[in-house]
Peer 1: 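One structure coming up, written as structure tokens, with questions to follow.
Numbered from 1 within each chain, the chains take letters A, B, ... in sequence-line order.
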Amino acid sequence: MLDLKFVRENPEVVRRAMEQKGESGDLDGLLVRDKERRDLLKEVEELKQIRNRVSKEIGRAGADSEASQQKKNEMRKISTSIKDLDDKLRRLDAEMELRLLSLPNIPDQVVPRGKDESDNIELRSWGEKPRFMHNVLAHWDIGSNLGVIDFPRAGKIAGSRFVVYFGAGARLERALISFMLDLHTTEHGYREVFPPFLVNEASMTGTGQLPKFAEDAFKIEGTDLYLVPTAEVPVTNLHRDEILEADQLPICYAAYTACFRAEAGAHGRDTRGLIRQHQFNKVELVKFVRPEESDQELEKLTRDAEKVLQLLKLPYRVMLMCSGDLGFAPAKKYDLEVWLPAADTYREISSCSNFTDFQARRAGIRYRPAAGKKTQFVHTLNGSGLAVGRTVAAILENYQQEDGSVIIPEVLRPYFNGQEKITEY
RNA sequence: GGAGAGAUGGCUGAGCUGGUCGAAGGCGCUCGCCUGGAAAGCGAGUAGAUGGGGCAAAACCCUGUCUCGAGGGUUCGAAUCCCUCUCUCUCCGCCA
């Protein structure tokens, strides 16, 4: 959420941000209501001032005195007017809230203007793409041939865009979760968190999934609960409506959760394989930082995520998102894209974002810069470290062997009792 | 699921026979005194949000309004009375 005062004073900046991001929003409707609300507010506050003053006079004079009786009669009228005006204000507030929550964050200065992903900028790449003498298989074929991935049975018990892992496949998924959490908590200084997989509406609103993107989420019928689309939601909301101490910052969390996405607008895209699932695992990194440090914290966060790919020896590149591909809430975003040999392309495996104070304002996450000073909104950041399903896909494809087996990356072998290879069951 | 108790400032905890209560006391924190330095002790200050004014502006000062879990109601006036909801705790039942 943007600061209402900022929107009021810089409407053209907001309008430009919406254009560049390709987001719609009722900015004019917001401004009209803001003006109306401010006028009404002035009026009602004056009436309340009178009421407060006179009520105190009645209290001092004694409620039964003749003068008080007369004052009471006058105040009855004023109270009725106040009630009417308050009702109008409540309506305006609700209408403004909805519009304000639907305005996107302002892109950072360094974000390139662009229309879609073709305008993203490659900042750097790492690793050597593997060369194969044999026919390169897609990860779904590799996994199915080995008997470690089963899409037909997942379809039977749940539906399309679900997967069942067996044996070494299941173990690989589990190993990756442990490996990533171990790395981030012991080497990179994150604190491990294990949050609920269901969250309420206030949490979804706090991080920006609601009200605008309701159709992307799974809602539990008959309740106020949503399946988390990412650990970003529960973890960022851990500190909702809190005032943090300056010496606590930065707060860095690493959390594993399953993630659930309706993929409403994705019919026909990535229908095969592990790339786009209704349920997938992810280790997420979340930071709460001082505003002046969020730029450098985003760089650190991105390097922390990159480290996972480096240790797994998976080739990747780092992309700076252009305005059109940035999304609603981030001010700046890097995507890590891993090399998938079968598709002969890079695919997003991590998304690292600086939300500046956009989420913090929605969720009421503040800190006190110094004792006795006024509170300020923190900056929040998060990034995947990494998406586990897509990592499995990348390992299967990059480490495939001519005989159909798959080499287990060295750093994962401790999680496999030293086993070096996944072979047919 | 049944019965009961509760939700107050950064924390703890009074107030809850409606008015002088944005709210005692304690802890914590900040500043000052004391000290070679620290502890202890003493003194002062210390909730959040938002609007207006002083000001070029920040700091700061003056001032209005709102907030005692959330929302509604009664009343001239609500932390205090009534209703609804949410959450927490205790006991019983059930359960991984």
Peer 1: State, yes or no, whether a side-chain contact exists between A:Lys21 and A:Phe328 at a heavy-atom distance under 4.5 Å.
Peer 2: no
Peer 1: Please report the distance, rounded to the nearest Å, between CD1 in A:Ile50 and C1' in B:rC76.
Peer 2: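 Spelled out: CD1 on A:Ile50 to C1' on B:rC76 is 13 Å.
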Peer 1: Sugar-phosphate atoms are those with a prime plus P, OP1 and OP2; base atoms are the rest. Using that split, label each nucleotide of nucleotides 6-13 of chain B B, S or - for protein heavy atoms under 4.0 Å, 5' to 3'.
Peer 2: --------
Peer 1: For the P atoms, the ones on B:rC83 and on B:rA49, what distance do you get once it is rounded to whole angstrom?
Peer 2: 34 Å
Peer 1: Salt bridge (charged side-chain N to carboxylate O under 4.0 Å, His left out), that's the test. Do A:Arg276 and A:Glu263 meet it? Break it down for me.
Peer 2: CA-CA 8 Å; A:Arg276 193 174 298 276; A:Glu263 297 295 350; 3.3 Å; yes
Peer 1: Please list every stem that involves RNA chain B, where a stem is a run of 3 or more consecutive Watson-Crick or G-U wobble pairs with both pairing distances under 3.5 Å.
Peer 2: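 In RNA chain B, stems of three or more pairs: B:1-7 with B:86-92, B:10-12 with B:25-27, B:28-33 with B:41-46, B:47-54 with B:60-67, B:69-73 with B:81-85.
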Peer 1: Quick one: label A:Asn73 by what it contacts on the DNA or RNA (base, sugar-phosphate, nothing), any heavy atom closer than 4.0 Å.
Peer 2: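 No contact at all - A:Asn73 keeps every heavy atom at 4.0 Å or more from the nucleic acid.
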Peer 1: Tell me the interatomic distance from A:Glu242, atom CD, to B:rG69, atom C1', rounded to whole angstroms.
Peer 2: 15 Å
Peer 1: Any chance you could lay out the salt bridge (charged side-chain N to carboxylate O under 4.0 Å, His left out) test for A:Arg124 and A:Glu306, step after step, and finish with the verdict?
Peer 2: CA-CA 11 Å; A:Arg124 55 184 176 271; A:Glu306 286 178 61; 2.5 Å; yes
Peer 1: Please tabulate, one pair per line, each protein N/O and nucleotide N/O from nucleotides 71-75 of chain B that are separated by under 3.5 Å, including the distance.
Peer 2:
{"from": "B:rG72", "atom 1": "OP1", "to": "A:Arg90", "atom 2": "NE", "distance (Å)": "3.2"}
{"from": "B:rG72", "atom 1": "OP1", "to": "A:Arg90", "atom 2": "NH1", "distance (Å)": "3.2"}
{"from": "B:rU74", "atom 1": "OP2", "to": "A:Lys83", "atom 2": "NZ", "distance (Å)": "3.1"}

Peer 1: Checking A:Lys282 against A:Thr230 for the side chain to side chain contact (heavy atoms under 4.5 Å, CB included) test, could you report, in this order, the C-alpha distance in whole Å, the side-chain angles of both residues, the deciding distance, and whether it holds?
Peer 2: CA-CA 8 Å; A:Lys282 183 155 61 74; A:Thr230 158; 2.8 Å; yes
Peer 1: Nearest whole Å is fine: how far is B:rC66 C1' from A:Leu85 CG?
Peer 2: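 My rounded result for the distance is 15 Å.
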Peer 1: Give me the distance, rounded to whole Å, that separates B:rC85 from B:rC11 when you measure between the P atoms they each carry.
Peer 2: 28 Å
Peer 1: Got a salt bridge between A:Lys156 and A:Asp150, using NZ or NE/NH1/NH2 to carboxylate O under 4.0 Å?
Peer 2: no
Peer 1: What residues, two or more places apart in sequence or in another chain, satisfy ring-ring contact (aromatic ring centres under 6.0 Å, His included) together with A:Tyr334?
Peer 2: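 For A:Tyr334, no residue satisfies ring-ring contact (aromatic ring centres under 6.0 Å, His included) once neighbours in sequence are set aside.
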Peer 1: Mind checking the C1' distance from B:rU80 to B:rA24? Whole angstroms is fine.
Peer 2: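 16 Å, rounded to whole Å.
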Peer 1: Quick one: sort the A:Phe260 and A:Phe197 rings into parallel, tilted or perpendicular, breaks at 30° and 60°.
Peer 2: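 If you compare the ring of A:Phe260 with that of A:Phe197, the planes turn out tilted.
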Peer 1: Take A:Arg53 and A:Glu57 through the test salt bridge (charged side-chain N to carboxylate O under 4.0 Å, His left out) and record every step on the way to the result.
Peer 2: CA-CA 6 Å; A:Arg53 180 170 45 80; A:Glu57 288 169 10; 3.6 Å; yes
Peer 1: Could you tell me whether the phosphate oxygens of B:rC76, OP1 or OP2, come under 4.0 Å of any side-chain nitrogen or oxygen in A:Ser68?
Peer 2: no
Peer 1: Taking atom P in both B:rG41 and B:rU88, compute the distance separating them and give it to the nearest angstrom.
Peer 2: 39 Å
Peer 1: Rounded to the nearest angstrom, tell me the gap between atom CG in A:Leu92 and atom P in B:rC66.
Peer 2: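 Atom-to-atom, A:Leu92 to B:rC66, this comes out as 18 Å.
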Peer 1: Look at atom CD of A:Glu12 and say whether more than 12 heavy atoms of other residues, nucleotides or ligands are closer to it than 6.0 Å.
Peer 2: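 Yes - once you tally the heavy atoms of other residues, nucleotides and ligands closer than 6.0 Å, there are more than 12.
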Peer 1: Should the heavy atoms of other residues, nucleotides or ligands under 6.0 Å from CG of A:Asp39 be counted, would the total exceed 12?
Peer 2: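 Result for CG/A:Asp39: enclosed.
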Peer 1: Without decimals, in angstroms, what is the distance between A:Arg8 CZ and B:rG51 P?
Peer 2: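 So the two atoms are 6 Å apart, to the nearest Å.
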Peer 1: RNA chain B: A:Phe377 or A:Ile58, which has the more 5' nearest nucleotide?
Peer 2: A:Phe377
Peer 1: Atom CG of A:Leu89 to atom P of B:rU67: distance rounded to whole Å?
Peer 2: 13 Å
Peer 1: Has A:Arg174 got its NZ or CZ under 6.0 Å from the middle of the six-membered ring of A:Tyr415, at an angle within 45 degrees of the ring axis?
Peer 2: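 Checked: cation-pi criterion not met.
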Peer 1: Please report the C-alpha distance between A:His239 and A:Val378 in whole Å, then the side-chain angles of each, then the deciding distance to 0.1 Å, and finally whether the side chain to side chain contact (heavy atoms under 4.5 Å, CB included) criterion is met.
Peer 2: CA-CA 11 Å; A:His239 295 298; A:Val378 301; over 6 Å; no
Peer 1: Could you list by number each residue of residues 27-49 of chain A showing a heavy-atom separation from RNA chain B of less than 4.0 Å, or answer none if no residue does?
Peer 2: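 Those residues whose heavy atoms fall under 4.0 Å from RNA chain B, taken from residues 27-49 of chain A in numerical order, are A:Arg38, A:Glu45, A:Lys48, A:Gln49.
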Peer 1: Provide the distance between the two C1' atoms, one in B:rU46 and one in B:rA23, to the nearest whole Å.
Peer 2: 15 Å
Peer 1: Within this structure, what is the CE-to-C1' distance between A:Met75 and B:rG77, rounded to whole angstrom?
Peer 2: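 It is 11 Å, rounded to the nearest whole Å.
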Peer 1: Looking at A:Asn52, I'd like to know whether one of its side-chain N or O atoms comes within less than 4.0 Å of OP1 or OP2 on B:rC76.
Peer 2: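 No, A:Asn52 has no side-chain N/O under 4.0 Å of OP1/OP2 on B:rC76.
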Peer 1: Mind listing the side-chain donor-acceptor pairs of residues 96-103 of chain A below 3.5 Å, one per line with the distance, residues two or more places apart or on another chain?
Peer 2:
{"from": "A:Arg99", "atom 1": "NE", "to": "A:Asp26", "atom 2": "OD2", "distance (Å)": "2.7"}
{"from": "A:Arg99", "atom 1": "NH1", "to": "A:Glu95", "atom 2": "O", "distance (Å)": "3.0"}
{"from": "A:Ser102", "atom 1": "OG", "to": "A:Leu98", "atom 2": "O", "distance (Å)": "3.0"}

Peer 1: Give a yes or no on whether a salt bridge exists between A:Glu187 and A:Lys307, defined as a side-chain N under 4.0 angstrom from a carboxylate O.
Peer 2: no
Peer 1: When you compare B:rG18 with B:rC76, how far apart are their P atoms, in angstrom units rounded to a whole number?
Peer 2: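 Each nucleotide's P atom is 16 Å from the other's.
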Peer 1: Rounding to a whole Å, what distance do you find between A:Lys56:NZ and B:rA78:P?
Peer 2: 12 Å
Peer 1: What distance, rounded to whole Å, do you find between the two C1' atoms, one in B:rU75 and one in B:rC81?
Peer 2: 10 Å
Peer 1: Taking the six-membered ring for Trp, are A:Tyr256 and A:Phe194 parallel (under 30°), tilted (30 to 60°) or perpendicular (over 60°)?
Peer 2: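 A:Tyr256 and A:Phe194: parallel rings.
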Peer 1: Which value, in whole Å, describes the distance between the C1' atoms of nucleotides B:rC62 and B:rC55?
Peer 2: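 That atom pair is separated by 13 Å.
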